[in-house]
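Data first, discussion second: the structure below is written as structure tokens.
On a predicted model such as this, the values are computed, not experimentally measured, just so you know. Remember, it's 1-based here, ligands and their atoms both numbered in the order they're listed.
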Amino acid sequence: MSDREQRDAIRERHRAARRRALDGLTVASWIDGRSVGDGDTADPDTDVTETRATRDPVIDEPIVEVPVATADTVDAAVTAAQATFDDEWGATTPRERSHRLHEWTDVLSDHVDELTLLESLDTGKPIAEARGEVEGAIDTLEYYASACRVQTGEQIPAGSDLHMYTRTEPFGVVGQITPWNFPAWAAAWKLGPALAAGNCSVLKPSAHAPLTTIRMAQLSTEVLPDGVCNVVTGPGSTTGSALVEHDGVRKLSFTGSGDVGTEVMRTVASRLAPVTLELGGKSPFVVFPDADLDTVVEAVADGIYYSTGEICDALSRALVHEDVYDEFVARFVEQSRSYVLGDPLDEETTMGPLTTADQFETVTEYVDVGLEAGATLATGGGTPDDGALKDGHYVEPTVFTDVDNDMRIAREEIFGPVQTVQSFATYEEAIELANDTPFGLAAGIGSESSDLIHHAAADIEAGVVYVNAYGPIRPEGPYGGFKQSGIGRDLGEEALTHYRQTKTVYVNLDEPSV
Ligand code: NAD
């Protein structure tokens, strides 16, 4: 087939997949157990006045128009969530919530294929990656369905005339905002601990990739009370701001960029609501001279090329000991060239396009920035030659060498498949370079020495450290950043604590009168 015929075939395949994925699906906000803003409602407050298309990044066509939730719609969602919290969910026991959440994961498990297709079309993720993230989302919800039951309070010794104990209580309505780079999984990171702790949620997914989040909420309808899990759709500047500004939102959890996170924090600070922020990164992977290069080359590649580099903990700065630098670069370039860029619906595709046209612009601009600063392009930097992929936002796996830590490509989050490689001579220099960044989300360490590994894991300023591999991220482990990469943690038992508040009860006891 010629390039043109292949391109047409990909278009037709995606249009057919889109029809299949959208068949019978209502794409709109999900509030109080029903679709809102889909044009069917008689409620003037939630009538559709504006829609925003979510696009297929492979063929650059709209998938579906999604109604934009207005401030009134957001208010309806918060009101419904509060009513459900007051009437029902806030009074449930952890045992009851655990059962409901487990039932939800059973329903979701029956819809893995459907969710996987939606996720791949919406983000451009290779189908295997999308499936892994949908399964990861279900696993995360299962973890919180179980962890929910081990919530306890304390009894505090205070003498025979005072009985002191603590209760942990939910906030009520929590607002949650997620980005476009791992939508289903991110939704589970937010909803799992929030609902397990007894809150009701109003979640706003990114307008660039809202489909799986909407569907997950719809699939909760048989098992969770209406109003527990609400989704509002629309861009951050309108729908997102309305959620952040809403007085009824008693706690806010945000995942996204540092700039927006700062604005969110400023807004909720005006009413002193607690906030969790999961932000960006510029994470190092330190390759020590005793590293097993076969293992580490693969780990560094996974760390930067997973999700086409659109991942907050991308290990985007390889810091390599000078003794193994040349060999590492040669092998890493070869590994980078081995990625199969293609249609994400093909199982053999290992790298898809960037999710948005804006992100494509950003990443290609950074390639120019690197070249202008004097870095050497060791491989990639362009769009693939394959004419069949010309419609999509594809960028080749890209490696820069001769990088200085002051260069913008070494300091700023690119959020694409662009790796920088720098060398170091001593342990101290490695740690200094690793920590010379405003971020502190993640780090990788490549070494065969347990002494070196544990020292470096302690010395690097990062919330997550991967040794001789990238991931796998598991819901049991708290996830989040040091420094400008965030405040608080998603995942793990720690996330549950962010969705509860502690009450200390003092009961004064009289002497027994009998
Ligand atoms: P973004 O900050 O542009 O948007 C994130 C979310 O915030 C979206 O839902 C968006 O609609 C919403 N939003 C935008 N402006 C808003 C406003 N004024 N008020 C309220 N909500 C608003 O980020 P993005 O481009 O969607 O995602 C990429 C960024 O997310 C990267 O910086 C990445 O590192 C970060 N990220 C961090 C983590 C983590 O766990 N630390 C995970 C994934 C992504």
Problem - Residue part near ligand 1, for I177, under 4.0 Å between non-hydrogen atoms - result: side chain

Handout entry: Contacting atoms of ligand 1, where contact means under 4.0 angstrom from a heavy atom of G280
Key = 32 (O), 34 (O)

Exercise for the section: Flag the pair Y499 / F171 as yes when their ring centroid distance falls below 6.0 Å, and as no otherwise. Expected result: no

Exercise for the section: Go through ligand 1 atom by atom and flag the ones less than 4.0 Å from a non-hydrogen atom of F415. Expected result: 28 (C), 31 (C), 33 (C), 34 (O)

Problem - Protein heavy atom under 4.0 Å of atom 25 (O) of ligand 1 - result: yes

Practice task
Any atoms of ligand 1 less than 4.0 Å from a non-hydrogen atom of V244? List them with their elements.
Solution key: 20 (C)

Practice task
Around atom 40 (O) of ligand 1, find the nearest protein heavy atom and jot down its residue, atom name and distance.
Solution key: E278 CB, 3.3 Å

Fill in the blank from the handout: So for E263 against ligand 1, with non-hydrogen atoms under 4.0 Å, the contacting part is side chain

Practice task
Determine whether any heavy atom of P205 lies closer than 4.0 Å to an atom of ligand 1.
Solution key: yes

Fill in the blank from the handout: atom 11 (O) of ligand 1 sits nearest the protein heavy atom K204 NZ, 2.8 Å

Handout entry: Polar atom proximity, G236 to ligand 1 (N or O, under 3.5 Å)
Key = yes

Practice task
Find all atoms of ligand 1 within a distance of less than 4.0 Å from any non-hydrogen atom belonging to S206, and give their numbers and elements.
Solution key: 9 (O)

Fill in the blank from the handout: Of G256, P235, S485, the one whose closest heavy atom lies nearest atom 30 (O) of ligand 1 is G256

Practice task
Return yes when S241 approaches ligand 1 closer than 4.0 angstrom through a heavy atom, no otherwise.
Solution key: yes

Problem - Trace of the ring pair (Phe, Tyr, Trp, His ring centres under 6.0 Å) decision for W180 with F415 - result: CA-CA 12 Å; W180 43 262; F415 223 54; 5.5 Å; yes

Practice task
Applying salt bridge (Lys or Arg N to Asp or Glu O under 4.0 Å), run through R52 and E65 and close with a yes or a no.
Solution key: CA-CA 5 Å; R52 193 58 195 263; E65 292 289 332; over 6 Å; no

Problem - Contact partition for E413 relative to ligand 1, non-hydrogen atoms under 4.0 Å - result: side chain

Practice task
Kindly say whether P475 contributes a backbone atom to a donor-acceptor pair with the side chain of T140 at under 3.5 angstrom?
Solution key: no

Fill in the blank from the handout: Result for side chain to side chain contact (heavy atoms under 4.5 Å, CB included) between P397 and one of L341, V418, T350, I304 points to L341

Handout entry: Considering all heavy atoms, the nearest K204-V232 contact
Key = CG-O, 3.2 Å

Exercise for the section: Write out the residue and atom name of the closest protein heavy atom to atom 43 (C) of ligand 1, then the distance separating them to 0.1 Å. Expected result: F182 CE2, 3.2 Å

Exercise for the section: On the 0 to 90° scale, with breaks at 30° and 60°, tag the Y470-Y306 ring pair as parallel, tilted or perpendicular. Expected result: tilted

Practice task
Under 4.0 Å from a heavy atom of T178: give me the atoms of ligand 1 that qualify, with their elements.
Solution key: 6 (C), 8 (C), 9 (O)

Practice task
Could you tell me which atoms of ligand 1, counted from 1 in the order shown, lie closer than 4.0 angstrom to a heavy atom of G240?
Solution key: 19 (N), 20 (C), 21 (N)

Exercise for the section: Would you kindly say whether D122 and T54 are connected by a side-chain donor-acceptor distance under 3.5 Å? Expected result: yes

Exercise for the section: Would you check if there is a donor-acceptor pair between the side chains of E412 and Y366 at a distance under 3.5 Å? Expected result: yes

Handout entry: Contact (N/O only, under 3.5 Å) between S257 and ligand 1
Key = yes

Fill in the blank from the handout: N181 heavy atoms within 4.0 Å reach ligand 1 at atoms 43 (C), 44 (C)

Problem - N or O contact, W180 vs ligand 1, cut-off under 3.5 Å - result: yes

Handout entry: Distance-minimising heavy-atom pair for F285 and A469
Key = CE1-O, 4.1 Å

Practice task
Identify, for atom 27 (O) of ligand 1, the protein heavy atom at the shortest distance, and state residue, atom and that distance.
Solution key: P179 CB, 3.3 Å

Practice task
Among all protein heavy atoms, pick the one closest to atom 42 (C) of ligand 1 and tell me residue, atom and distance.
Solution key: C312 SG, 2.9 Å

Problem - salt bridge (Lys or Arg N to Asp or Glu O under 4.0 Å) between R271 and E245, worked out - result: CA-CA 9 Å; R271 61 176 193 279; E245 287 164 12; over 6 Å; no

Exercise for the section: Check whether any side-chain N or O of S241 sits under 3.5 Å from a backbone N or O of G236 as a donor-acceptor pair, and report yes or no. Expected result: yes

Exercise for the section: Tell me which protein heavy atom sits closest to atom 5 (C) of ligand 1, plus the residue, atom name and distance to 0.1 Å. Expected result: T255 O, 3.6 Å

Problem - Presence of salt bridge, R131 and E347, under 4.0 angstrom - result: yes

Handout entry: Best match, L279, L491, V260: closest heavy atom to atom 37 (C) of ligand 1
Key = L279

Problem - Residues D60, R55: salt bridge by 4.0 Å N-O rule - result: yes

Exercise for the section: Using a strict 4.0 Å cut-off to heavy atoms of Y479, name the atoms of ligand 1 that fall inside it. Expected result: 40 (O)

Handout entry: NZ/NE/NH1/NH2 to OD/OE distance under 4.0 Å, K125 and E133
Key = yes

